[in-house]
Enquirer: 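Can you read through this structure? Questions will come right after.
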Amino acid sequence: MMEQKMGLEIHCQVTGTKSKLFCKCRCDYRGKAPNANTCPTCLGLPGTLPLLNQKAVEFAGMTSIALGCKVPDEIAFYRKNYFYPDLPKNFQLTQYNAYDITSIGVEGGLEYGDGKSVRIRRVQLEEDPGRLVYDGGNMETSVYALIDYNRAGVPLVEIVTEPDFVDPKEIRLFLDKITSIVEHLGLCGTKLEGSVRCDANVSVGGGKRVEIKNVGSFADVEKAVRYEITRQKTMTSRDLEVRSETRHWDDARKVTKESRTKEEEQDYRYFPEPDIPTVVLGSEFVSSAQRSMPELPDARKVRFVKHGLSAHVAQVLINNKELADFFESAIKFYSSPKEIANWIVTDLMSFVDERQKEQERSMFAGLKVGPEHIADLAKLVDQDTINRATAKQILGLIVRPGEMPSQVAHKTHAGKIDDVSELAQTIDSVFETEHAAVQDATLNPNAINFLLGKVMQATKGRADPKAALEMIQKKLKEV
Amino acid sequence: MPLYTLGAGQVAAGVKSREFSAEEYIQQLLERIEKVEPKVNAFVTINKGAIEHARTIDKKIRDGEQAGPLAGVAVSIKDNICTKGIRTTCASRMLESFVPPYDATVVTRLQDAGAIVIGKANLDEFAMGSTTEFSRYGTTRNPWDISRVPGGSSGGSAASVAAQECAASLGSDAGGSVRCPASFCSVVGMKPTYGLISRYGLVSYANSLEQVGPIGRTVSDVVSVLNAIAGADENDHTTVGGKPVYTLQERKGLRVGLVREFIEDTDPAVAKMILRAMDTLEGQGCKCKETSLESVAYALASYYTIATAEASSNLARYDNVRYGFDMSPEGYEWNSYFAKARSSFGEEAKRRIITGSYVLSSGYYGKYYLKAQQARSLLKDELKALFKSCDVLIGPTMPILPFKIGEKIDDPLKMYLVDIDTVIANLAGMPAISVPAGFVDGLPVGLQLMADEFQEQTILDAAYLFEQAANVRGSPEL
Ligand SMILES: [Zn+2]
């Protein structure tokens, strides 16, 4: 039995804080000129000292609590020493579980999917390195590399799980949940390029553990893991030894590749950072963090169900904070939670452009539809102003430009025809063009439905079928 | 009397009363520097803007503005303390062309007090050494005997003060680097309590041990400089407290303990001088007794383990990518470029980087680094207990007299041994001062006084008392 085990190491940038972890430079380095978002401290210039960003500590604390971790009274930062050109100091300030001092979160657990759970080994706070930009696309094909330190020092919350996943599908479900949690905490704008990254480790049949790094998006983690399982199983079946190693995900070829550097053999020479005194969180830290913590996805789901939503619909909404927020804004415009939720989950979702969604990292990429529009639509249907079929057509019209459904309905005369003379005129013209059908209908009452269908077609569904039927029956008697 | 002989207090008074101008004073100092530097070599860089700075102070005084308690006072700054716009080399090739875009907090505070940076003082590369022989900019010589070492690593700082090239100086002290050269050059040098002085802008060698410290020709000058620089700094999380003010006080009845271990294994001539110092203090009404500090035995091993561990990591950033010296990366793979660039460290720096990497490596951390930290807290506990019955502990600053240049340079272990009496204050984070105790065959001996954490005032009281009574005066002939 070649049972596989998988674990994850997730890095989320703490974009919810304004400044870097140890200096006052801004966290939103994106779009800035290379090395413009730096100062002597994050460039590691001689004589500079790290100044800990308390807000980042609070965010990391909230993440630990949300993931069911123990939060110690004291935390410390350690230096992880290794040489790499993207590290300004040639060490990374991170945390380390040793000598009675632990990371900000340890020994947690999280339930996800349908009754599955995973153990969380640790949550820690650390600094992001800079970025290497290769002129030829990657290290192998480039003559030189450029270094951009704009990202250096941005706070990262690292979440490490135990190897509790057995099915790659679980990974996707878990990452959805993590994404939703960090979004709800305001920790990380997961839609920003490179703000969330994930490394995975895979072992098959109790064999050696292989790490996969450089997976660019959460969507690819599942693919990378699947590839790696197949690779390891194939090797084992051919009696080839699976080595303990670090492999890199090749996004273009969708395979994992052997790394050039032997990271396994690195000795990081961890020791406590002398420039940051031990951070005493104190007994109040957890309770005050809990008090100031925003609502988490699970609690939100419970609240949504109380609004009358089905568990399934509520789950779909909270899986994506953007959808859940959209829903909550919409019901503020018009309080009909069930109707609105259904419009969002079943109808609006069908307009999501998967490609654009990945690119722009937004469910609503390319769509200008807002909560007020969906609320308006639900109101039109609730008040019987338009029928459901028309409402769907209107949604199709307004979803991209973002117009008010009621205005569109008015402009296109999509509202139900109340005017008897208007309906009578339409019936008259149907009777004129459909002689044969009229004849049939006088003999066979079942054929009357054909005429009704024609009337509905001519009115684009705006006719009230009950009224139309009565009028057709009346007119048939006159024939 | 030439202006360059004046102490900090006298300069500030003279400039403020317009007895002489800051410009005249700086001019005389620059001439003095030009005359004695070929013999002493205390400076790496002379500040070309010093005269200009003096003029702005003179103008302030003419305009009736506050010019500060150190108005016009020329101060040399150890070249591992960042000065905006003036290159800061750490006496290393690795920082040959590094011009900091910012001032260290201590430099800002000195300038706010009216002081003028006259130049950057020589040191052992990255403050690693006890003789100032490990400098890329040549050895600094002892002004009392230029064939001998001035001590280190703040050798340039102490020598520049002794040679009357400035009124005062800032050094840094991780294991005795202010007190050792103060002792060898017969000036006053202080290592304050860890956390009293901001390290922002001090290029790190051993972060958990080092402090910036003032050097002057008198206790009074050291007090003036200390008052300017001491106090918490928002740019350094390891600083504590508010903004203390120290004074010169006559204090009687101090309880003084002579540490027996400090006298044993010390040059007998030095030991004799220290015993005489104890008599002097007793003559001034101090209650003196002999005492013992057993954990001295672990001090050196503990110090060199912790210091080299921290140094190995601190010095990792010098890879010649963002700043450094002229060397094109063309044709190198980054690893080989780092290796090539980093081969430019001097011998002692390399030795400490390798030692530090070793003690931190996996499997050895518990055996060395952790054990050193345990020894450190043991030492601190023992000292804390001693300070229940003593106000100050005394002993020699250096166990030997200033030795010949080159005498110990090839024997690192022998060199490390001279730090035995000074590393204790750093390991315990406690304040210590070295004051001139006298001369043996024309060579200076320094008396070290130590007190409990944040007891700077007690140390200064004792040092002042001794200074007044011992009356060790004079300047070297140069
Ligand atoms: Zn910065």
Side-chain angles (χ1 to χ4, degrees), chain A residues 22-24 35 38-54 77-93 96 98-100 130 132 139 142-147 149 152 260-261 265-279, chain B residues 80-82 88 90 94-95 98 100-104 126 195 198-204 206-210 233-238 240 306 309-310 312-319 321-323 329-330 334-335 337-339 342 356-366 369-370 373:
Chain A
F22 300 112
C23 65
K24 293 197 172 89
N35 296 307
T38 57
C39 72
T41 302
C42 57
L43 285 178
L45 291 195
T48 55
L49 297 171
L51 301 172
L52 181 61
N53 176 348
Q54 285 300 335
F77 287 87
Y78 278 74
R79 291 187 182 180
K80 181 181 182 180
N81 294 287
Y82 65 100
F83 285 92
Y84 210 76
D86 63 5
L87 277 182
K89 305 179 288 285
N90 283 320
F91 61 76
Q92 182 196 25
L93 280 176
Y96 190 59
Y99 320 110
D100 302 328
L132 295 183
M139 202 194 281
S142 300
V143 182
Y144 62 86
L146 300 169
I147 313 175
Y149 294 108
R260 276 194 332 146
T261 47
E265 291 161 26
Q266 288 247 20
D267 179 354
Y268 292 118
R269 293 177 283 119
Y270 285 98
F271 78 104
E273 166 60 66
D275 292 330
I276 305 173
T278 300
V279 183
Chain B
N80 63 347
I81 298 172
C82 288
T88 299
C90 290
M94 305 307 296
L95 290 177
F98 175 61
Y102 48 90
D103 275 321
F126 285 102
S198 168
R199 287 182 297 114
Y200 177 75
L202 167 67
V203 180
S204 292
N207 330 40
S208 76
L209 297 158
E210 65 202 355
D233 176 18
E234 59 174 20
N235 284 320
D236 179 355
H237 277 346
T238 63
V240 286
I306 294 166
E310 292 176 1
S312 71
S313 173
N314 289 330
L315 270 56
R317 71 189 66 189
Y318 306 113
D319 54 21
V321 170
R322 293 159 302 278
Y323 45 82
E330 193 102 25
W334 69 264
N335 250 322
Y337 180 75
F338 280 14
R342 288 170 62 76
S357 303
Y358 179 80
V359 300
L360 286 177
S361 56
S362 77
Y364 293 102
Y365 183 90
Y369 187 80
L370 216 55
Q373 293 289 8

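Reminder, nothing fancy here: chain letters follow the sequence lines and each chain counts from 1. These figures come from a predicted structure and were not determined experimentally. Values below: all heavy atoms of this structure, side chains included; hydrogens, waters and symmetry mates excluded.
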Enquirer: Please check: side-chain N/O of N90(A) versus main-chain N/O of A316(B), any donor-acceptor pairing under 3.5 Å?
Expert: yes
Enquirer: Out of S313(B), S204(B), S362(B), which one racks up the most heavy-atom pairs below 4.5 Å with chain A?
Expert: S313(B)
Enquirer: Quick check on L52(A) against chain B: is it the side chain, the backbone, both or neither that has a heavy atom closer than 4.5 Å?
Expert: both
Enquirer: For the residue pair Y318(B) and M94(B), what are the closest heavy atoms and their distance?
Expert: O-CE, 3.3 Å
Enquirer: Between G363(B), P101(B), S357(B), which has the largest tally of heavy atom pairs under 4.5 Å with chain A?
Expert: S357(B)
Enquirer: Against chain B, label D275(A) side chain, backbone, both or neither, depending on which of its atoms sit under 4.5 Å from a heavy atom there.
Expert: both
Enquirer: Sort L95(B) into side chain, backbone, both or neither according to what part of it lies under 4.5 angstrom from a heavy atom of chain A.
Expert: side chain
Enquirer: Do you know which of N207(B), V203(B), D319(B), N80(B) has the most heavy-atom pairs under 4.5 Å to chain A?
Expert: N207(B)
Enquirer: Classify the angle between the aromatic ring planes of Y82(A) and Y84(A) as parallel (below 30°), tilted (30 to 60°) or perpendicular (above 60°).
Expert: tilted
Enquirer: Please flag which part of Y144(A) lies under 4.5 Å from any non-hydrogen atom of chain B: side chain, backbone, both or neither.
Expert: neither
Enquirer: Looking at L45(A), T48(A), N81(A), which makes the most heavy-atom pairs under 4.5 Å with chain B?
Expert: L45(A)
Enquirer: Is N314(B) close to chain A through its backbone or its side chain, or both, or neither, when contacts mean heavy atoms under 4.5 Å?
Expert: both
Enquirer: Quick one: does E273(A)'s side chain have a donor or acceptor within less than 3.5 Å of a partner on L93(A)'s backbone?
Expert: no
Enquirer: Could you tell me which portion of F91(A) (side chain, backbone, both or neither) has an atom closer than 4.5 angstrom to a non-hydrogen atom of chain B?
Expert: side chain
Enquirer: Who passes ring pair (Phe, Tyr, Trp, His ring centres under 6.0 Å) against Y358(B), sequence neighbours left out?
Expert: Y364(B), Y368(B)
Enquirer: For chain B, find which of A145(A), G44(A), P50(A) contributes the most heavy-atom pairs closer than 4.5 angstrom.
Expert: G44(A)
Enquirer: Is there side-chain contact between Y365(B) and L370(B), with at least one heavy-atom pair below 4.5 Å?
Expert: yes
Enquirer: Pick one of side chain, backbone, both or neither for A206(B), based on which atoms fall under 4.5 Å of a heavy atom in chain A.
Expert: neither
Enquirer: Which pair of heavy atoms, one from A104(B) and one from I81(B), lies closest together, and at what distance?
Expert: CB-CG2, 3.5 Å
Enquirer: Sort out for me which of F338(B), Y102(B), F98(B), Y337(B) touches chain A most, counting heavy-atom pairs under 4.5 Å.
Expert: Y102(B)
Enquirer: Would Y369(B) and F271(A) satisfy ring pair (Phe, Tyr, Trp, His ring centres under 6.0 Å), going step by step from the backbone distance to the final call?
Expert: CA-CA 9 Å; Y369(B) 187 80; F271(A) 78 104; 5.8 Å; yes
Enquirer: With side chains defined as the heavy atoms from C-beta onward, is the minimum distance between P277(A) and H237(B) less than 4.5 Å?
Expert: yes
